[in-house]
Amino acid sequence: MPRFAVKGGLGFDPHLVAFWRPVQLFVMELSKAYEPKEAEEKHYQVWETSGFFKPEANGNASAEKYSIVIPPPNVTGSLHMGHALQHTIMDVLVRRKRMMGYRTLFLPGVDHAGISTQLMVTRQLKQEENKTPKDIGREAFLEKVWEWKNKFGGTITSQMRREGISVDWSRERFTMEDALSNAVKHVFVKLYREGWIYRGARIVNWCPNDRTVLSDLEVVDQTRKDGKLYYLRYPITDSKQTVVVATTRPETMLGDTAVAVNPNDERYASLIGKTVDLPLTGRKITIIADEYVDSEFGTGAVKITPAHDPNDYEIGKRHNLEQLNVMNEDATMNAAAGADFEGLDRYEARKLVLAKFEQLGLLEKIDEYEMTLPVCERCKTVIESLISEQWWVNMSEMRDLALGLKQETGFPHFTPANPHTKVYTNWLENLRDWTISRQLWWGHRIPAYYDQEGRVFVAETPEEAVAEAGTDNLRQDDDVLDTWFSSWLWSFSTMGWADAGFAKSDDINAFHPTDVLVTARDIIFLWVSRMVMSSLKFLGERPFDDVYVTGTVLAADGQRMSKTKGNGVDPLEVFDQYGVDATRMTLAGSSTGMDFAWRDEKVESYRNFANKIWNASRFCLMNSEGASIDPSLLEKSVDAADRWIVSRLNETALAVNKALDGYAFHEAVQILYHFFWDDFCDWYIELTKDEITSGNAEARSRILTVLDQSLRMLHPFMPYLTEELWQKLPGKSAKLHNAAYADADPTIMFADFPIGDQSKVDEAAMSEMAVVIELISKVRNIRAEMRIKNSEPLTVHVAGEAATLKAIGANEARILKLTRAGKIVAEEELSVPKASARTVMTTGAEIAIPLEGLIDFALEIERLEAQIAKLAKEGELLSKQLSNDNFVAKAPADKVAAVRERSAEIEVQLKALSENLDMLK
RNA sequence: GGGCAUAUAUGUCAAUUGGUAGACAGCCUCCCUUACAAGGAGGAAGUUGGAGGUUCGAGUCCUUCUAUGCCCACCA
């Protein structure tokens, strides 16, 4: 419907009347609800272009540093909830420290993601030009990749900007840029010269789809329920006897070079040393004995294929067996498999092998067998084990460095400490050599050069290699390095290590080691541990002090988010629907280190919270004429409510800082949520509303100042909303900044972060307000339970000790307003008619409200009895404790005293309540 | 096979060194009160997975069982 359409035909629409009324003029006009998009679009650009994210924004030469490098997302990636969680956590940490005056470096970057990127560009090439990488050649293909990178590589970084993270984009790095590539070459050469990198043929994980070797960490298990165990019968040479072997992969029998049994297996003792006629091949292979064989499994006899199985490979080495490779790189059978099989895919070959065994009457049986298969982490193709010449890193020195650091200094400290500390150390202790070569084109090409005789020369540049070889007739190794071989240098390669001649650059001196690494569980081995090693090895210092390991964001159904299940939640959609700040609060508020399920209800409630902050600020701004932020007002409050909110402010600041220092993000969020909503909105605004709306300039300034302090504490979590509001506060200026940013344009990003001060917690005000709050709550409770309308004025009678009555007297006007009572009568002893509702306060003070004609006696009796029952139950428990001599003797004195005190309170309350109850009966 | 987590209100999750269980959402009652109905006021709801034990006292520590999840190794 058009905006100004008039409903109906004649007359005027009552909704339109408002337009014609004189518009009320506010000091500041804010819409009724928070619209996140406006703020999100506006502020990030200003922050970034103003240089606020750069460490250089800090003008204090002696400022302490705080630094975090972001785990580089894949250049092909797009933002998911895991990123959003990690980035939120890091940004919260950095923003707070920045506000506290630290010189902060928050460094972003992107990973070239060898396999993913190559696959993506290959696919695109196929689609657009129907060509393969081979068709166009290495150089042309790499050009295509760079083209792709320049065109689409910015997706992830622009999504990161949307998150509001305060990273220094001027220091953004890419693992394939020159400096980082030089670092990789340098490290490779150094390790090679020291003997830690070597080239050798060993059995490896081969992905037939990607046509490259993979490290153990890039291979994952996949359970196959439809697996089968095939029993193949092999005839013993020159004998009627046969031996049956069980296998899940019949096609590999073409490469068998032995059959193995356990030396202690009596069934086969007589066969050891004999040979079998390997069917379909015409080869004879020996029956050997090896402890590896489990007599209990299958038939107790195992076919041995050293070239296609890691265990068989080991056995083969022990027994000097031939390694017969029967497969090609794409998992088709090769010539060695025999003419019938050459060129067949491994699964086709399997069918044919089985058919032929069947024909020969040598297929004993087929069992159903559930099994797990190794598959490629990325493309899920079943991995083939085969023997291949690859580059490896011997990790022993680096393992010792990392373990030594952990043992001697405790670094890095993991949060949560359990189970990550142990997992980390155990993994290091059992570390194996790392396969670093990959049969790809996209990546850091291995700086190894071969001459005509096949001799290898490893050097950082071709020129050096030529010089060393004494000939320029050299060919560079075709392979590239594992992507992680550049990632593991990330903590310092991003800080100018290569440009400083592989020494400490200014940035490294200023910001390394970084303070904390925030990451998900799955790359502790792949990345975290390797960063520790490389940093110790090449820089001589740890890369980070702490490691905060986030939980996994699960889908609403408690399952992992996955594309195939379609249960994923796209953070960008959540940003659109609920706002970035609400999403950040949700993520931070869920971050306990445990996995957690995504719930729309959560983000909805933080969306509501954002709106609450908006409206509370709106109220303050609507009543801000003649007022401005004035921190000195918090120092000299007279009124109890004011001293109370200042106390709560300080308590909150102390608790928030403590929580964040301990990476207890959920706790910090809870504390802020309740401080702002409960203390500030529900109590402080309501208590002071009269003063504020009536134009009391000091009250107005004070509430603005409290709001300012609150927004500052919320800012690390909700950057957009808080900046939007803070910019509107009268009196906002660079004077409110931490001293390190005195010269910057006013922004809440630089406002001094409240750290809290226990000495500013005013106990007298706290207990005075506790009385006021309790009294108001009790009266409201009576109204609600006795169904007395708010419009019905009441008289509240209170009888109790002097302190309580004094507190009530001092805050009479506010109590009257918030309880909508007409009068408060303080007296030594209650003098009220029988027709009254009664209750009692913690201090034992009695409250009664005469309800002539309004009271429902039955209801009131029920109400009192319920209160009595509840208190009596608690009292019973406490007196039981107190009558236990052991408790009194052994429990800490303050605990006993607390129980005594509470017990006494309950006794007083119970007495008062039952007297009141008697009066009604 | 080895290791490690988790099990708390209807749901999702909290609970510092053992001190007697909280939040949010949902639910029930009332209220569109001039910051906010994305709101206000009040309320109901839990023998903390089962069983044993240590302790004056256990959600928290120990043993054991059950269920779920994760990691590592292996899987002929």
Next on the checklist: I'd like to know if Asp221(A) reaches the base of rC74(B) with its side chain, counting only an N/O donor and acceptor under 3.5 Å.
Outcome noted: yes
Item to check | Presence of salt bridge, Arg599(A) and Glu601(A), under 4.0 angstrom | outcome: yes
Item to check | Any His420(A) side-chain N or O less than 4.0 Å from OP1/OP2 of rC71(B) | outcome: no
Item to check | Phosphate OP1/OP2 of rG40(B): any Lys612(A) side-chain N/O under 4.0 Å | outcome: yes
Checklist entry - Has Lys422(A) got a side-chain N or O lying under 4.0 Å from the OP1 or OP2 atom of rC4(B)? => result yes
Checklist outcome for this item: Stems for RNA chain B (at least 3 consecutive Watson-Crick or G-U pairs, under 3.5 Å) come to B:1-7 with B:66-72, B:10-13 with B:22-25, B:27-31 with B:39-43, B:49-53 with B:61-65
Checklist entry - Has Thr592(A) got a side-chain N or O lying under 4.0 Å from the OP1 or OP2 atom of rA14(B)? => result yes
Checklist entry - Taking only N and O in the side chain of Lys895(A), is any of them less than 4.0 Å away from OP1 or OP2 of rU20(B)? => result yes
Next on the checklist: By the 4.0 Å heavy-atom rule, please label Leu229(A) as base, sugar-phosphate, or nothing.
Outcome noted: sugar-phosphate
Item to check | OP1 or OP2 of rA37(B) under 4.0 Å from side-chain N/O of Lys32(A) | outcome: yes
Item to check | CA sep, side-chain torsions, deciding dist, call: Asp679(A), His674(A), side-chain hydrogen bond (donor to acceptor under 3.5 Å, both in side chains) | outcome: CA-CA 7 Å; Asp679(A) 294 334; His674(A) 290 290; over 6 Å; no
Checklist entry - What is the distance from NZ of Lys789(A) to C1' of rU29(B), rounded to the nearest Å? => result 14 Å
Checklist entry - Considering only heavy atoms and no angle criterion, is a donor-acceptor pair shorter than 3.5 Å present between the side chain of Glu686(A) and the base of rA35(B)? => result yes
Item to check | Phosphate OP1/OP2 of rA41(B): any Asn781(A) side-chain N/O under 4.0 Å | outcome: no
Checklist entry - Asn426(A) side chain N/O closer than 4.0 Å to the phosphate oxygens (OP1, OP2) of rC72(B)? => result no
Checklist entry - Looking at Trp677(A), does any N or O in its side chain come under 4.0 Å of the phosphate oxygens OP1/OP2 on rG40(B)? => result yes
